[in-house]
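Encoded as structure tokens, the structure appears first; notes follow it.
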Amino acid sequence: MSEAKTHNIMIKYFGFFTVALFTLIGCKPKVKPIEYGHQACEYCRMSIVDERYAAQLQTSKGKTYSFDALECLINYKHENEETAYQQELVTDYNTPKKLITAEGAYIVRSKKLPSPMGAYLTAVPTKSEAEKLVEINGGQIFTYPQVAEGLENLPEL
């Protein structure tokens with residue numbers, strides 16, 4: 001095979017992989033900012049105002065649903081089980097307005113940390129942060145998957 005032909009084939013493959021890479025990057029869902037004080041919770045219809053407790057779902061088709069509390073997100077998911085969700089996000093309590101991936105979050109349930117809808121669910125990104133909140137406020141630590149199974153499965157406070 002000639003050097004020119006090999007070069008042309010390499011350029012074609014490089015171009016193909018570049019287009020494929022940008023397509024994949026372009027398909028990654030983007031977090032949509034929550035409009036605190038102006039946007040209503042998709043589940044309970046209350047205004048989303050507390051910047052420490054909001055949550056968000058994004059469908060595989062890119063539609064975004066925002067919630068004023070983790071408990072609203074969970075209830076909404078249970079009522080819409082047929083929908084495929086690409087992203088589940090919760091607010092990092094220690095960094096208001098910062099949405100983090102729900103799957104890896106730790107949830108503190110403490111009477112001293114009332115969430116907007118009264119389930120007392122507070123999300124943080126690490127176990128050590130959850131342990132600090134419990135040390136200060138009491139309560140229990142759960143993983144997001146434990147809480148997402150259903151609020152009725154959580155022990156009484």
Side-chain angles (χ1 to χ4, degrees), residues 17 19-157:
F17 286 117
V19 169
L21 178 65
F22 283 119
T23 300
L24 289 173
I25 290 170
C27 291
K28 186 176 186 217
K30 293 183 176 145
V31 176
K32 293 186 180 176
I34 295 172
E35 298 174 35
Y36 295 93
H38 301 285
Q39 191 173 358
C41 173
E42 192 68 39
Y43 182 75
C44 72
R45 306 308 307 159
M46 288 180 58
S47 184
I48 303 171
V49 293
D50 195 331
E51 298 169 353
R52 301 167 301 167
Y53 286 100
Q56 207 171 63
L57 286 173
Q58 190 173 63
T59 68
S60 56
K61 294 181 179 181
K63 180 144 174 67
T64 301
Y65 299 99
S66 296
F67 305 91
D68 66 338
L70 175 57
E71 49 265 41
C72 286
L73 177 146
I74 291 168
N75 288 327
Y76 183 88
K77 272 186 64 181
H78 282 267
E79 290 182 9
N80 295 279
E81 290 179 342
E82 71 286 349
T83 305
Y85 299 104
Q86 189 156 340
Q87 276 199 117
E88 298 178 43
L89 303 165
V90 293
T91 300
D92 174 3
Y93 177 80
N94 293 323
T95 311
K97 291 186 178 183
K98 180 182 180 189
L99 292 169
I100 59 173
T101 303
E103 186 65 33
Y106 289 87
I107 311 302
V108 173
R109 189 162 193 232
S110 170
K111 278 278 193 186
K112 291 185 178 178
L113 295 168
S115 54
M117 296 307 294
Y120 301 94
L121 301 174
T122 302
V124 290
T126 66
K127 189 170 186 176
S128 64
E129 289 177 87
E131 289 167 345
K132 285 178 190 172
L133 282 177
V134 169
E135 186 179 308
I136 295 166
N137 302 289
Q140 296 174 289
I141 299 171
F142 299 93
T143 63
Y144 174 74
Q146 289 172 316
V147 174
E149 287 178 14
L151 302 176
E152 67 280 355
N153 297 326
L154 296 176
E156 291 291 319
L157 285 174

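Bear in mind the structure is a predicted one, so any value in this text is a computation, not a measurement.
N75 meets the side chain to side chain donor-acceptor pair (under 3.5 Å) test with no other residue; sequence neighbours excluded. Legend: residues meeting salt bridge (charged side-chain N to carboxylate O under 4.0 Å, His left out) with R52, ordered by chain and number and at least two apart, are D50. Residues passing the ring pair (Phe, Tyr, Trp, His ring centres under 6.0 Å) test with Y76 are Y65, F67, sequence neighbours excluded. For S60, there are no side chain to side chain donor-acceptor pair (under 3.5 Å) partners at least two apart in sequence or on another chain. Considering only residues two or more places apart in sequence or on other chains, K32 meets the side chain to side chain contact (heavy atoms under 4.5 Å, CB included) condition with Q56, T64.
None of L73, L89, T83 except one satisfies the side-chain contact (heavy atoms from CB on, under 4.5 Å) rule with L57; the exception is L73.
Summarising the geometry of V134 relative to G139, their closest heavy-atom pair is CG1-O, 3.6 Å, with the distance given to 0.1 Å. Minimum heavy-atom separation, L99 to A55: CD2-CA, 4.5 Å. The two residues G138 and V108 have their closest heavy-atom pair at O-CG1, 4.4 Å.
When only modelled atom types and interatomic distance are considered, Q86 and T59 share no side-chain donor-acceptor pair under 3.5 Å.
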Identify each donor-acceptor pair in which a side-chain atom of residues 34-44 lies under 3.5 Å from a protein atom, sequence neighbours left out, and give them as a table.
unit_1 : atom_1 : unit_2 : atom_2 : d
Q39    : OE1    : E35    : N      : 2.9
Q39    : NE2    : S66    : OG     : 3.3
Y43    : OH     : E79    : OE2    : 3.2

Side-chain atoms of residues 140-157: list all donor-acceptor pairs with protein atoms under 3.5 Å, sequence neighbours left out, distances to 0.1 Å.
unit_1 : atom_1 : unit_2 : atom_2 : d
T143   : OG1    : Q146   : N      : 3.4
T143   : OG1    : Q146   : OE1    : 3.3
Y144   : OH     : E88    : OE1    : 2.4
Q146   : OE1    : T143   : N      : 2.7

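Looking only at side-chain heavy atoms (C-beta outward), L133 and V124 come within less than 4.5 Å of each other.
Rounded to the nearest 0.5 angstrom, L113 CG and I136 CD1 are separated by 9.0 Å.
The side chain to side chain donor-acceptor pair (under 3.5 Å) analysis of residues 117-128, with sequence neighbours excluded, yields the pairs Y53-T122, T126-S128, T126-E129. Applying the salt bridge (Lys or Arg N to Asp or Glu O under 4.0 Å) definition to pairs two or more places apart or across chains, those involving residues 93-111 are E51-K97.
Looking only at distances, a side-chain donor or acceptor of S110 sits under 3.5 Å from a matching main-chain atom of K112. Side-chain atoms of T91 do not come within 3.5 Å of backbone N or O of P96 as any donor-acceptor pair.
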